[in-house]
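Report on the structure given below.
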Protein chains: 2
Amino acid sequence: MDRIETIRAFVAVAQENSFTAAGRRLGLSTKLVSKYVRHLEQRLETQLFNRTTRSVALTDVGISYLERCRPILDQIDDLDSLVRERQSALAGPIRLTAPTGFGSTRLTEALVPFLQEHPQIELAMKLTDTRVALIEEGLDLAIRIGSLPDSTLIARKLSDMPMVLCASPDYLERRGRPEDPEALAAHSCLADSNQPEQNVWRIRSQGKEHVLKLDAAIQCNAPGALATMALGGLGIARSPLYAVENHLEAGRLEPVLPDCETTVLGVYALYPPNRHLSRRLRALIDHLAGEFGMRWSPGLP
Amino acid sequence: MDRIETIRAFVAVAQENSFTAAGRRLGLSTKLVSKYVRHLEQRLETQLFNRTTRSVALTDVGISYLERCRPILDQIDDLDSLVRERQSALAGPIRLTAPTGFGSTRLTEALVPFLQEHPQIELAMKLTDTRVALIEEGLDLAIRIGSLPDSTLIARKLSDMPMVLCASPDYLERRGRPEDPEALAAHSCLADSNQPEQNVWRIRSQGKEHVLKLDAAIQCNAPGALATMALGGLGIARSPLYAVENHLEAGRLEPVLPDCETTVLGVYALYPPNRHLSRRLRALIDHLAGEFGMRWSPGLP
DNA sequence: AATGATTATGTACATTTTGGAGATAAAAAC
DNA sequence: GTTTTTATCTCCAAAATGTACATAATCATT
């Protein structure tokens, strides 16, 4: 039996001077009100009311008890209201982490309209390229780019993220443009050490899978930095599309082996496996899924 | 499921950062703690903790919720303490009613030592010879002298109270001393109108029951007043023993038909049929039973 | 990297509690 | 004196409870 309900019944009887009226007020049967109050009296081993079938009067213990119950019930009601209000308004903190490169570019661009629309959300974003333990760090959400999301957390795939091969025009002029995947072995390759198999490039060409074990001259865990190196003519970079798409469009980088298929990663939102995801977190994830969606899908112009 | 227990479990987990440690502290199994917290989260439709099998962290809603739960639990614990302390100390009010005559004499005499022994008891005594509705008047105890106690209330018999016949020596000198019950018809009789059959005197003499329907010249509902009238020589009074015992001892009144048996009333303590009688009320009733006990039993010197 | 210990939780189930229905007793109104 | 209303008792079908067993995950140890 819920003790709060028994106290609530007691207070209602005290206010109405009637079990029947109290029952009407609480939406309970008179029998149940009687049972609740009796249960309370048994638990306290004291009498809260003196009563006949037609009259009810508080005992002096009952009077003292009532005085203390009222504020407690008010506070309990406020407890419930607190939670309900927090849920209904998209307000409060969201703490998220993302890889540096993606976070400072595409992710931030996507967040701006969302935060404009929901000004009460307080974003705390931590950009890092090292692996973060979400729960221990007190984080709500992690954006990850990869192939295998963390198995503890729930992963919602936001979009595809193909890895593309590219180099600067200057580099290609100097070193020649590879005509097939095997030709890559003769080139300087820039490898993204964020990937599990950074030096193993899998490339599908004309229906055939090429597994190239390259001796990457340069490795870096920051895709943006790798792009910058490629811009500087240091080699052929295998980078996630988001990091180089602007350079490709501007002609500053050129695609290498454009007819080949490379690895396609995913952009994932990772969050704890809670059964009650806050509404603002859900709203953000939905927003990002909408923003990223098909943006980097392979095969699109 | 008791919501207070679920809140208590939640608070304990928050403090210990561990379901297992919280369970140890509360004397509950880890499974039950888990169940309680989950129940609370379901009821609130929000997540209070983020957790893995090895780490627990409050959500921000959980932090706000915790801050408000702590004082509520303290107040609920105080609620329980309040009642327990009131029970353990013989303190607080006792409101009782009694017939005027008995209340101002024998009852008051009996109360003095009890109140001296229990100075924290606050007595409110209402002396009246009219019938009092205990519960409606907010009274705890009624002392009644009669034969049939009120059937709604619980009656605890404290002692016998015989009705005695007596008159002043002057009256008896003037009007003669009755030799048998039937002779009373020729006398002025003073009847106590508190009795249901004030004018029907039942007297047992030599094994025979005499039912006398007297035309009482004087009726009064105050035994003390009747005694005073008897002292003034106005007739033969049938009074409860307590009201005349001092006069009899001093010779101011003499017994009439002393070898006969008259009605024997009872002194009763009446109180509401509550299952939890306060300790101080019980203590008072026990004390009065001890004081009055055999004091007015028929046949004693 | 594999293994063991510990923690949190899911599922099943015997037991206990719950809340309603019917009945009873008492008190007040008529 | 009778009727109506109120408070409560008892019984019981349904629901909830709390434990036991098992599972999965995480961290420490080897």
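Each chain gets a letter, A, B and so on, in the order the sequences are listed, and its residues count up from 1.
Looking only at distances, a side-chain donor or acceptor of Glu41(B) sits under 3.5 Å from a matching main-chain atom of Phe49(B).
Phe49(B) comes within 4.0 angstrom of nothing in the nucleic acid, heavy atoms only. Nucleic acid contact for Ser29(B): sugar-phosphate only, since backbone atoms but no base atoms lie under 4.0 Å from a heavy atom of the residue.
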Grab the N/O contacts between the protein and nucleotides 27-30 of chain D below 3.5 Å, and write none if there aren't any.
from: dC27(D); atom 1: OP1; to: Glu136(A); atom 2: OE2; distance (Å): 3.1

Using atom names, set out every protein N or O paired with an N or O of nucleotides 10-12 of chain C below 3.5 Å, distance rounded to 0.1 Å.
from: dG10(C); atom 1: OP1; to: Arg275(A); atom 2: NH2; distance (Å): 2.4
from: dG10(C); atom 1: OP2; to: Arg38(B); atom 2: NH1; distance (Å): 2.1

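Rounding to whole angstrom units, CZ of residue Arg43(B) and C1' of dA16(D) are separated by 15 Å. The CD-P distance, from Gln42(B) to dA16(D), rounds to 12 Å in whole Å. Atom CD of Glu16(B) is separated from atom P of dT7(C) by 12 Å (rounded to the nearest Å). dA15(D) atom C1' lies 17 Å from atom CD of Glu5(A), rounded to whole Å. One atom, CZ of Phe19(A), and another, P of dT6(D), lie 13 Å apart when rounded to the nearest Å. Atoms CG (Leu32(B)) and P (dT7(C)) sit 17 Å apart, rounded to a whole Å. Rounding to whole angstrom units, CZ of residue Arg24(A) and C1' of dT5(D) are separated by 11 Å. Separating the CG atom of Asn17(B) from the P atom of dT6(C) is a distance of 20 Å, rounded to the nearest angstrom.
Each ring-ring contact (aromatic ring centres under 6.0 Å, His included) pair with one or both residues in residues 54-87 of chain A, not counting sequence neighbours, appears once here: Phe10(A)-Tyr65(A). Evaluation of the salt bridge (Lys or Arg N to Asp or Glu O under 4.0 Å) test over residues 63-77 of chain B, restricted to residues two or more places apart or in two chains, returns Arg8(B)-Asp77(B).
Thr30(A) has no side-chain polar atom (N or O) that falls below the 4.0 Å cut-off from OP1 or OP2 of dT8(D).
Not counting sequence neighbours, the partners of Lys126(B) by the salt bridge (charged side-chain N to carboxylate O under 4.0 Å, His left out) test are Glu137(B). Residues passing the salt bridge (charged side-chain N to carboxylate O under 4.0 Å, His left out) test with Arg280(A) are Asp60(B), sequence neighbours excluded.
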Go through Val37(A) and Arg51(A) one step at a time and tell me if the side chain to side chain contact (heavy atoms under 4.5 Å, CB included) criterion holds. CA-CA 12 Å; Val37(A) 172; Arg51(A) 49 208 189 260; 4.2 Å; yes

Applying side chain to side chain contact (heavy atoms under 4.5 Å, CB included) to Leu139(B) and Asn50(A), what does each step give before you reach the verdict? CA-CA 9 Å; Leu139(B) 298 168; Asn50(A) 283 328; over 6 Å; no

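Between Gln47(B) and Val61(B), the closest side-chain pair of non-hydrogen atoms is not below 4.5 Å.
Of all the heavy atoms in Leu270(A) and Ala155(A), the pair that sits closest is CD2-CB, 3.3 Å.
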